[in-house]
Enquirer: 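My questions will all concern the structure given below.
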Amino acid sequence: MCQRWCAVSIALSLSLLCSPIATSQSSDEILWCRPGLPAVTCVAFSPDGSTIAAAGRGTIHIWSTAPGYPRIASLFPQTGSTEVIAFSRDGSHLAAGSNFRGANVNVYRTSHWTQESRFQASGSVYELAFTSDGQTLATSGRGYSDVDRQVRLWALDGAPLGRLNGHGHEIDALDHSPVAPLLATLCHDGLLRLWDTSSHALLDSAAASGEDVRFSPDGRFLAIARIDGVEIWATDELARLRKLGERRFDTLAYSPDGALLVAGDYLGSLVGMEATSGRVLWEATAHDGRVSSVAVSPNGGVAVTGGGGDASVHVWRLTDGARLATLIDGQLNGAPSVSPRSDLFATPMQLGEHSHGVGLRRVSDGELVGVLSGHEQGVDAIGFSTQLPILASAAWRDVRLWSLTDLSNYLTISSPVHRFRVLAFSPDGVTLATANTDTRIQMWSVLDGSLVRSFPRSTHGFTDLAFSRDGDEILSADDGDNVRIWDSFTGQQRYAVPGRAPLAVAPDGECFAAGSVYGGVELRRTADGGVVRALPGFETVSVDFSSDGRLLLAAGSLGTVVWRIRDGAAVAKFDQQTLFTLGAEFDREDRAIVLTRTDATILAIRNRFITGDVNCDGTRNAYDIDPFVLAISDPTDYEARFPDCPLSNADANDDGSVDAFDVDAFIAALTGGA
């Protein structure tokens, strides 16, 4: 039977982050979306102050400065890191530069946030600015080639307009005067240069170095952020006038009247100082780690900062440094783990340069409800207990056990030498299996942290673990492309088959899914490891069975696919194009698919393939009875009335046909028997 299902596109778009592009799939497939940035590299205000832009790896988010700072668009220039963004002087365009080798300058029309041009400027673009006429872009890269050591000028359509030659090394920073055709560059050769962008002539140079350079609003002065403070230079004679402060500053911005300098330092502090005397007016702890970028609103009311260490974007009041809003807080950097007991899922998060933890969110709306902090290294694995309100997280040489009742870390299991890589809870929820770089599996009591048993060392490091449904076996995948089945009581290996991570065991325990050494996923019998079905695909990083065992979810390099176990049909595809899926899982009732991507975005996608949900409202109840009767009696009329609902949802006994033999199974599904 042909399924009336169209692929959801949740990938790169030229407008909103979570809007599907050019498909017949309705947008209500996306239940919610929580955007993020893997690392914030640059922030900017539009010239009229109505919008804020922040860039990270492959992603640019746009917020309105209206009350509540609603996000209005998300742009995806390309793979790689978006290093710098800039608005044109009239606000009609936004340009983005990246380290992507192929096309690393993207120009967007801000009226509809559509891409207007895309071109290759050099090997990489780390500095970018609009000239004062607003119609020319100046770019520079970083690298060993001569082209990366030049400033190149471009029309907005990518037509080359000239070069500013003469830099002996990489260019560390550049800025264009807001009132004249003057460009200032700081070069790694220790020279500050001033250029005429209309004639392409070098006007002057002087010995200077720093991390950032900015013109004052009237163009008369240059401020340079240095490792030992801020230097102020006059532009008419390119003379150093004074030095402000003593600490290391990485980024800075002038207030619109030129009286205030807002500077961010290497340790995450934001400082407001008088531009003439350097007197500190206020100081705030802005980020956990360096402040990567700062911008001041055109009306001088607020500043916005991005944190390279904690992937956060904050808004600050300029008069006293009070934090007014947080647009993005924390960096998502791992796959989701969905609780089998509650409306919660967890993801690894980077909270600061040396601070990591786990974010707890609701499956129903994606809202962050708690953060479990305490790890000093990145979190490699997380998992919920199947029966108890407990979550485990593994990072470096520690496994922390958290109480979900009060979010406390009640127990820590440590290894003096070896790094924990993977973990899995037993079906009864009271035993935790871990594997570390010691190439052995160990089992621990979650009640007191005592070691229950330790398996003999393996010849390869483990990459995934899973318990059988009865708990009698442990399945492991290792970096030698083996899937092994172990007796969980004796630690003896029962058999081994070719395969790799990820692993998942079907709800009935009869089969398991594992990554294939040839790509895709293989379904194998748990009893002897025999192949039941091979599902073609891509590099897979996570697999998950639906609770009724009828569907398998596979996520990885090319997106996410929902497979039907009975016949191996791919019934839904979420095409992510260049955005790698970090992981995806069904929620505990199979109503939603929670997935995370490499742009730090978390989404929940509606799962329409729920047995017994024949009207596709997300639940099985009495309102499904009439559609079920219609599906049995007149499938053609059913498909006409419910075009977005798969007819197979009425196939309650999963025999491939919708007929009277499904009635008993449908009743069981409605009453909780399926």
Side-chain angles (χ1 to χ4, degrees), residues 11-15 17 21-22 41-44 46-47 51 53-62 73-167 170-176 181 183 185 195 197-200 293 577-579 599:
L12 308 179
S13 73
L14 301 178
S15 54
L17 171 68
I21 52 174
T41 55
C42 192
V43 294
S46 62
T51 55
R57 185 178 63 214
T59 308
I60 303 169
H61 291 312
I62 312 295
S74 291
L75 314 174
F76 302 94
Q78 62 273 305
T79 56
S81 177
T82 300
E83 298 294 336
V84 60
I85 53 176
F87 283 94
S88 62
R89 304 292 175 176
D90 62 2
S92 62
H93 293 84
L94 176 73
S98 82
N99 61 9
F100 179 63
R101 294 180 180 270
N104 52 27
V105 174
N106 288 262
V107 180
Y108 297 90
R109 174 73 67 171
T110 58
S111 56
H112 297 92
W113 301 108
T114 55
Q115 188 177 60
E116 192 167 280
S117 63
R118 185 170 185 245
F119 57 92
Q120 182 73 21
S122 61
S124 60
V125 172
Y126 281 83
E127 298 294 337
L128 177 150
F130 278 92
T131 59
S132 54
D133 63 7
Q135 299 302 309
T136 304
L137 275 172
T139 68
S140 69
R142 293 178 189 171
Y144 296 104
S145 66
D146 289 339
V147 71
D148 285 326
R149 298 178 179 182
Q150 301 169 351
V151 173
R152 306 183 72 184
L153 302 177
W154 310 87
L156 299 189
D157 62 0
L161 299 178
R163 301 181 181 184
L164 308 182
N165 296 320
H167 296 92
E170 293 180 343
I171 299 166
D172 295 323
L174 62 79
D175 192 31
H176 200 280
L183 183 78
T185 60
W195 306 81
T197 52
S198 59
S199 65
H200 305 173
S293 182
Q577 297 177 15
T578 58
L579 289 179
D599 66 343

Enquirer: Measure from the side-chain N and O atoms of R152 to the backbone N and O of P160, and report whether any donor-acceptor pair falls under 3.5 Å.
Expert: no
Enquirer: Rounded to the nearest 0.5 Å, how far does CG of N99 lie from OG1 of T82?
Expert: 8.0 Å
Enquirer: Does S46 use its side chain to pair, donor to acceptor, with the backbone of T51 at less than 3.5 Å?
Expert: yes
Enquirer: For residues C42 and E83, report the shortest heavy-atom separation together with the two atoms involved.
Expert: CB-O, 3.8 Å
Enquirer: Using 0.5 Å steps for rounding, measure from the OG1 atom of T131 to the CG atom of L161.
Expert: 9.0 Å
Enquirer: For T110 and L94, which heavy atoms make the closest approach, and how far apart are they?
Expert: CG2-N, 3.8 Å
Enquirer: Tell me the closest heavy-atom pair linking E127 and I171, and the distance in Å.
Expert: CG-O, 4.3 Å
Enquirer: Would you give the length of the straight line joining atom CG of L183 to atom CG of L164, rounded to the nearest 0.5 angstrom?
Expert: 6.5 Å
Enquirer: Nearest 0.5 angstrom please: H176 NE2 to T197 OG1, how far?
Expert: 3.0 Å
Enquirer: Show the nearest heavy-atom pair for residues S88 and G134, with the distance to one decimal.
Expert: CB-O, 4.0 Å
Enquirer: R89 and F130: which non-hydrogen atoms are nearest, and at how many Å?
Expert: NH2-O, 3.2 Å
Enquirer: Could you give the distance from OG (S74) to CD1 (I60), rounded to the nearest 0.5 Å?
Expert: 9.5 Å
Enquirer: What class does the angle between the rings of W154 and F119 fall in, given that below 30° is parallel, 30 to 60° is tilted and above 60° is perpendicular?
Expert: tilted
Enquirer: What is the minimum heavy-atom distance between N165 and W195, and which atoms define it?
Expert: O-CH2, 3.0 Å
Enquirer: Let me know which of N104, V125, L128, V105 forms a side-chain contact (heavy atoms from CB on, under 4.5 Å) with S98.
Expert: N104
Enquirer: Do T185 and V151 pass the side-chain contact (heavy atoms from CB on, under 4.5 Å) test, and can you show the C-alpha distance, the side-chain angles, and the key distance before you say yes or no?
Expert: CA-CA 9 Å; T185 60; V151 173; 3.9 Å; yes
Enquirer: Give, for atom CZ of R163 and atom NE2 of H200, the distance between the pair rounded to the nearest 0.5 Å.
Expert: 11.5 Å
Enquirer: Go through it in stages, so that I can follow the logic: the residues are V84 and T41, the test is side-chain contact (heavy atoms from CB on, under 4.5 Å), and I'd like the CA-CA distance, side-chain angles, deciding distance and then a yes or no.
Expert: CA-CA 7 Å; V84 60; T41 55; over 6 Å; no
